[in-house]
Amino acid sequence: MAIQRTLILCKPDAVSRGLVGEIVRRIEVRGYLIVAMKMMQLDGERARKHYAEHDGKPFFAGLVDFITSGPLVAMCIEGEDAIAGCRQLMGATNPLQAAPGSIRADYAQTIGLNLVHGSDSYESAERELAIFFESREFVSRKHDLERWLVEKK
Ligand code: IDP
Ligand code: MG
């Protein structure tokens with residue numbers, strides 16, 4: 001177990017459907033801590049950088065169009081094994097394959113409009129967080145983290 005940071009995005013479909021609060025709620029009740037958060041609209045350059053691993057795939061252009069189509073909410077989430085834990089909260093990429101009770105299974109119908117992004121590895125998290133946040137935008141939740149870990153024991 002290790003304390004990790006991960007990038008979570010409430011994508012434009014989540015913002016327009018009014019699901020930001022529900023997504024944030026699920027992250028917070030799990031015990032993860034928000035250490036940075038902002039609403040923003042991506043330009044094409046930043047979107048292509050974020051999704052660079054998918055460049056060349058048939059859905060890439062549509063994905064960039066969609067992620068730049070409206071405001072999103074970007075968060076840095078911190079907690080024990082937060083990268084895998086947030087992926088579990090999100091559910092599989094295709095909502096039809098997502099575990100019941102996950103965000104994508106409960107609120108999404110299609111792979112293209114699946115509401116949330118979450119980094120898939122430590123390397124992705126580091127790379128993606130640097131695309132969305134400057135170091136001065138992270139707050140310290142050290143005391144909350146200690147309290148939460150003690151209460152969990
Ligand atoms: P992830 O969001 O679960 O990490 P990735 O494979 O990294 O899934 O794909 C990034 C995003 O691209 C997905 O969340 C989804 O919105 C979109 N996407 C992935 N595969 C497809 C596809 O086959 N068709 C359309 N959109 C896709
Ligand atoms: Mg991914």
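If you read the sequence from its start, that first residue is 1, and numbering goes on from there. Order of listing sets the numbers, starting from 1, for every ligand and every atom in it.
Of all protein heavy atoms, the one lying nearest to atom 11 (C) of ligand 1 is L63 CD1, 3.9 Å. In this structure, atom 18 (N) of ligand 1 lies nearest to the protein heavy atom F59 CE1, 3.6 Å. The closest protein non-hydrogen atom to atom 4 (O) of ligand 1 is R87 NH1, 2.7 Å. Nearest protein neighbour of atom 16 (O) of ligand 1, counting heavy atoms only, is I111 O, 2.9 Å. Atom 9 (O) of ligand 1 has as its closest protein heavy atom H54 NE2, 3.3 Å.
When each atom of ligand 1 is checked for a heavy atom of T93 under 4.0 Å away, the hits are 1 (P), 3 (O), 8 (O), 13 (C), 14 (O). Atoms of ligand 1 lying under 4.0 Å from any heavy atom of N114, numbered from 1 in the order shown and given with element: 13 (C), 14 (O), 15 (C), 16 (O). Heavy-atom contacts of R104 reach the following atoms of ligand 1: 1 (P), 2 (O), 3 (O), 14 (O) (cutoff under 4.0 Å). For ligand 1, the atoms closer than 4.0 angstrom to any heavy atom of K11 are 13 (C), 14 (O), 16 (O).
Counting heavy atoms from C-beta on, the side chains of I77 and L33 never come closer than 4.5 Å.
Note on I34: it clusters hydrophobically with V15, by side-chain heavy-atom contacts below 4.5 Å among ILVMFWY residues.
Residues F138 and F133 bring their aromatic ring centres within 6.0 Å.
Taking 4.0 Å as the cut-off between side-chain N and carboxylate O, K38 and E137 count as a salt-bridged pair.
Classification of the H50-F132 ring pair by plane angle, with boundaries at 30° and 60°, yields perpendicular.
For Q4 (side chain) and E78 (main-chain N/O), no donor-acceptor pair under 3.5 Å exists by modelled atom type.
The side chain to side chain contact (heavy atoms under 4.5 Å, CB included) test with R104 is passed by exactly one of L89, L96, I111, V116: V116.
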